[in-house]
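Below is one structure, written out as structure tokens, with a few remarks after it.
Order of the sequence lines sets the chain letters (A, B, ...), proteins ahead of strands, with each chain counted from 1. Scope of the values below: all heavy atoms of this structure, side chains included, with no hydrogens, waters or symmetry mates.
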Amino acid sequence: MIDDKYDFKTVESKWQEQWQRSGLYGWNAEEAKANSYIIDTPPPTVSGFLHIGHVYSYTQTDLIARYRRMAGANVFYPMGFDDNGLPSERLVEKTRNIRASDLSREEFIRICYEVVRGAEDEFRALFKQLALSVDWSLEYQTISPHSRKISQLSALDLFRKGELYRQLQPTLWDPADRTALAQAEVVEKEIAGTMWEVPFRLAHGGEVTIATTRPELLGACCALLIHPDHPRRAELERGEAISPLYSVPVPILVDAQVDPQTGTGVVMCCTFGDAIDVDWWRRYKLPLRIVIDKTGRLTAMHAIGGADWPSLDLAGARAVAASLTGLTIRAAREKIVAILQERGHLKSQKPIQRMVPCAERSGAPLEILVTPQWFVRALDKKQALIEKGRSIRWFPDYMRLRYELWVENLKWDWCISRQRYFGVPFPFWYSKRRDEEGRIIAADPADLPVNPLADLPRGYGPDEVEPDPDVMDTWATSSVSPQINSYGVAPGLMIDAQRHRKLFPATLRPQAHEIIRTWAFYTILKSHLHEDKAPWRDIAISGWCRAPDRSKMSKSKGNVITPEGLLDRYGADVLRYWTATSRLGVDTALSEDVLKVGKRLVTKLWNASRFAGLQLEGFAARPQTPRADCERGLVAAAFDCWILSRLAETVTEATAANEDYEFATALRVTERFFWADFCDNYLELVKGRAYGDFGTSASQLSARYTLWHCLDVVLRLFAPILPHVTEEISSQLFSRAAAPDRSIHARGNWPRPEDQFRDVTAETLGATGVNVLAAVRKLKANRNLSLKKPLLWCNVAFAENGAPLSPDALDGLRPDLMHAIGTTKLTWNNREPPLGAVEAVTTPDEAMRVEVAFAD
RNA sequence: GGGCGGUUAGCUCAGUGGGAGAGCACUUCCUUGACAUGGAAGGGGUCACAGGUUCAAAUCCUGUACCGCCCA
């Protein structure tokens, strides 16, 4: 007997512990790869707080993992934590109210470890409470020695292949975090600014006015540019202008990339204001004039006056530079505007809104500085990368276009060095030996992981090398997540070659769409460079969880919903239900309504099972499969065959949907079967016979077999979505003597379509019976009568060419139907109805007319 | 400016060539031996708009509008 009430709190925690103890989710390393389903789980960024979005996306992956496991796969489902890198450093600086630059490197890193461990504990607790079917023995951290080793092996492989290079060149620079950044870490922000118009004297007389939003870069000006269609082209082309304040002569160039609509149509090229300046600087081989340092402050411009940086008034230029030295960009801008104004060099100023590239993490406007950085080659591989992307199945497919668009628009090779602390160091030193000064010395693979600041390359003494002080971009490590799991990077660079063969490439990458340009792209790039392979067979892109009003949840808006309260009120199964109702790629609003529906489903499952449990009391038979029990003749009643056939259709549809990652469709068809067919119709129709009110012991047995199968299969169909309640019911009702501890979630326990019983005739016949039942319900509802109200009689008149069913077949419906509609007299096509006030209704398909007479 | 997705009942959404649907909400009724956290019946839609293809369009094509996202 099943309890009256379902208490999710005790049941959920009970099973979570039990499942972990039993090793249900373990990956079997001994099996062939063909049986495996390998998930490249997203290691959550340890950002310091839990978000309902974590519940949403991680549960969707678990729905897939649970289905695949039940469908028979040897599922490899690890969990990682992306704990290194800038996001973690920012978390540490914020929560501990410290700055990395104020501490020793060792001390800062020690505190980082402390903080990320605490944050990981919170994630782990949430994931366990959601019953993610993760094999926790496979857990990894991107900062662990193992991950550092894989990440450094990756760097060594790319370095040997010439795909990783170090170069002094203009690079995106975040002056707030004081590090280089990659193109993917740039976000455009609309910022209020000012457009100033500043006249330059022309060497041969006259003047030309430029427009700029960044007057503080005036000192870095190395050319003026005009569009080919500029009205003064003939006069200006190949001429020379003199910058105000600094008196530096600069050439006037003609270039089609100048936007003639902006400002005055004359623009200054500075080293560097933005990416287009870099283009011009390269194309026209312009001199490098640095005025901003790594902290985003103005330099003293010591180089002015040199051969590459002449001034017609050196003393004046140095005086201006001195008055700006050390100022922040913003302060320098104000000051130089004041000076320009004072000296009559400002023609006009007007406010504008402009798009400014900013650092994704710190939010600071980016500068472009010339610094030595490590780059991974990508620009020369666009076509191959697009083809790799096309060899992967994208769910939904249109997300592939975002990837392709990103690859096509790449402007920079991938800069992976960061001037930070908590990350994977580069396994490189620079030689100080006289004959090979500056030569890059790579670590021996056998020595990895190394820390060049503490370790030495083989054969070198401490005074003979300069260590590389940088750490890798966090994505440089997370982009080898498949290899962190597989223990190998490329031939000859393996920790465990056999394991690598079994786990690489992986089967599925689940991830969100905003990191297609980073995580997905970088992972594809690395696998391409390492082994010329795609890292996975499939990629599933989840949507975002939005606030109930469909706005984006964000800390600044204060509308972030955390999972704890919802878990407490509804339990994990109900949250998982909400997650399962939306499709991949589609954003979903958190909806209290949907949670309530999920809660009702859990309750209904419980109550329907209690009822079936009553019917199955003392049922000692050993059911086989629905199909076998029908073929053995144990299930023979018309409505029993009908519901089993409907069940078979449901299994087929749900299985096909799950194979395509359409868990929402699988849920929908299962719910429809359970609520409408099973609970509302079948249970009402079968009640009397199951209780033994009428019929034979064989017909009662048929009902019991059918109830057993329906419930057993429907619980298994719901199991990936509602793991706790289905396990609890299943363990109470169906624990077989042979395998009492077998979990409903066990590998291979998904109901197989070929084990089901499908019979089109039985479906048609049953549907006819259900239509009669619906018609009688309608007649009773029209008169506001109780459904129990008995009928004197009921006659079903089939349309001329309706009722392709034989009278014998129809008679199979009679016992259950008479009991359900409450009559002792049910006839087919009776042309002479007995006495009584006749009321009738025609079914919507017009196949039949149902006539009844009430007792009063 | 380019690309992608969306626009279907009051709300949230499913439906990709042939009946316009589900849940929630709403109205009326039913305390029936699993369930009132239930059940039955019912009202409610110009499928954003305009053209086109087709015997037939929510569905395919073209364009427009609006919303969202990605990238410049």
Roughly, in whole Å, what's the span from [atom1] in [X] to [atom2] in [N]?
X         : N      : atom1 : atom2 : value
Asn409(A) : C71(B) : CG    : P     : 10 Å
Leu773(A) : C30(B) : CG    : C1'   : 15 Å
Phe611(A) : C35(B) : CZ    : P     : 10 Å
Asn784(A) : U28(B) : CG    : P     : 11 Å
Phe8(A)   : U37(B) : CZ    : C1'   : 13 Å
Asp4(A)   : G38(B) : CG    : C1'   : 15 Å
Leu601(A) : G38(B) : CG    : P     : 11 Å
Asp677(A) : A22(B) : CG    : P     : 14 Å

Select base, sugar-phosphate, or nothing to describe what [X] touches, counting heavy atoms under 4.0 Å on all strands.
X         : value
Asp397(A) : nothing
Arg517(A) : sugar-phosphate
Glu684(A) : base
Trp578(A) : nothing
Lys778(A) : sugar-phosphate
Gln183(A) : sugar-phosphate
Trp606(A) : nothing

Do the side-chain N or O atoms of [X] get closer than 4.0 angstrom to the phosphate oxygens (OP1, OP2) of [N]?
X         : N      : value
Lys552(A) : G68(B) : no
Lys788(A) : G33(B) : no
Lys780(A) : U32(B) : no
Arg668(A) : G23(B) : no

For [N], the Watson-Crick or wobble partner whose two distances fall under 3.5 Å:
N      : answer
G1(B)  : C71(B)
U32(B) : none
G17(B) : none
A22(B) : U12(B)
U53(B) : none
A65(B) : U7(B)
G43(B) : none

Residue closer to the 5' end of RNA chain B, Ala774(A) versus His513(A) (nearest nucleotide):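 Nearer the 5' end of the strand: Ala774(A).
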Comparing Leu787(A) and Lys5(A) on RNA chain B - which has the more 5′ nearest nucleotide: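 Looking at RNA chain B, the more 5' nearest nucleotide goes with Lys5(A).
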Selection from [options] that lies nearest to any side-chain heavy atom of [X]:
X         : options                : value
Ala781(A) : A72(B), G33(B), A40(B) : A40(B)
Leu683(A) : A41(B), G68(B), A34(B) : A34(B)
Cys679(A) : U31(B), G33(B), A34(B) : A34(B)
Trp544(A) : C70(B), A40(B), G38(B) : C70(B)

Geometric class of the [Y]/[X] ring pair [parallel <30°, tilted 30-60°, perpendicular >60°]:
X         : Y         : answer
Tyr403(A) : Phe521(A) : tilted
Trp414(A) : Tyr522(A) : parallel
Phe734(A) : Trp708(A) : perpendicular

Looking at [X] and [Y], does any basic side-chain N land under 4.0 Å from a carboxylate oxygen?
X         : Y         : result
Arg214(A) : Asp274(A) : no
Arg668(A) : Glu671(A) : no
Glu684(A) : Lys687(A) : yes
Asp255(A) : Arg283(A) : yes

Say you pick atom [atom1] in [N] and the same atom in [M]; how far apart are they, in whole Å?
N      : M      : atom1 : answer
G15(B) : G6(B)  : P     : 10 Å
A72(B) : C13(B) : P     : 29 Å
C69(B) : U37(B) : C1'   : 38 Å
G52(B) : C67(B) : C1'   : 26 Å
G19(B) : G2(B)  : C1'   : 41 Å
U64(B) : C71(B) : P     : 25 Å
U28(B) : A20(B) : P     : 29 Å
C29(B) : G21(B) : P     : 27 Å

Donor-acceptor pair, distance only, cut-off 3.5 Å: does the side chain of Ser551(A) make one with the backbone of Ala547(A)?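 No; judged by distance alone, with no hydrogens or angles, the pair does not exist.
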Arg600(A) to Trp675(A), cation-pi by 6.0 Å centre distance and 45° axis angle: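 Checked: cation-pi criterion met.
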Could you walk me through whether Arg689(A) and Asp693(A) satisfy the salt bridge (Lys or Arg N to Asp or Glu O under 4.0 Å) test, starting with their C-alpha distance in whole Å, then the side-chain angles of each, then the deciding distance to 0.1 Å, before giving a yes or no? CA-CA 6 Å; Arg689(A) 177 157 53 90; Asp693(A) 289 353; over 6 Å; no
Quick test: give all pairs of protein nitrogen or oxygen and nucleotides 2-13 of chain B nitrogen or oxygen below 3.5 Å, distance rounded to 0.1 Å.
| from | atom 1 | to | atom 2 | distance (Å) |
| --- | --- | --- | --- | --- |
| C13(B) | OP1 | Arg550(A) | NH1 | 2.7 |

Would the number of heavy atoms belonging to other residues, nucleotides or ligands and lying under 6.0 Å from NZ of Lys825(A) be above 12?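 Atom NZ in Lys825(A) is not packed in, count stays at 12 or less.
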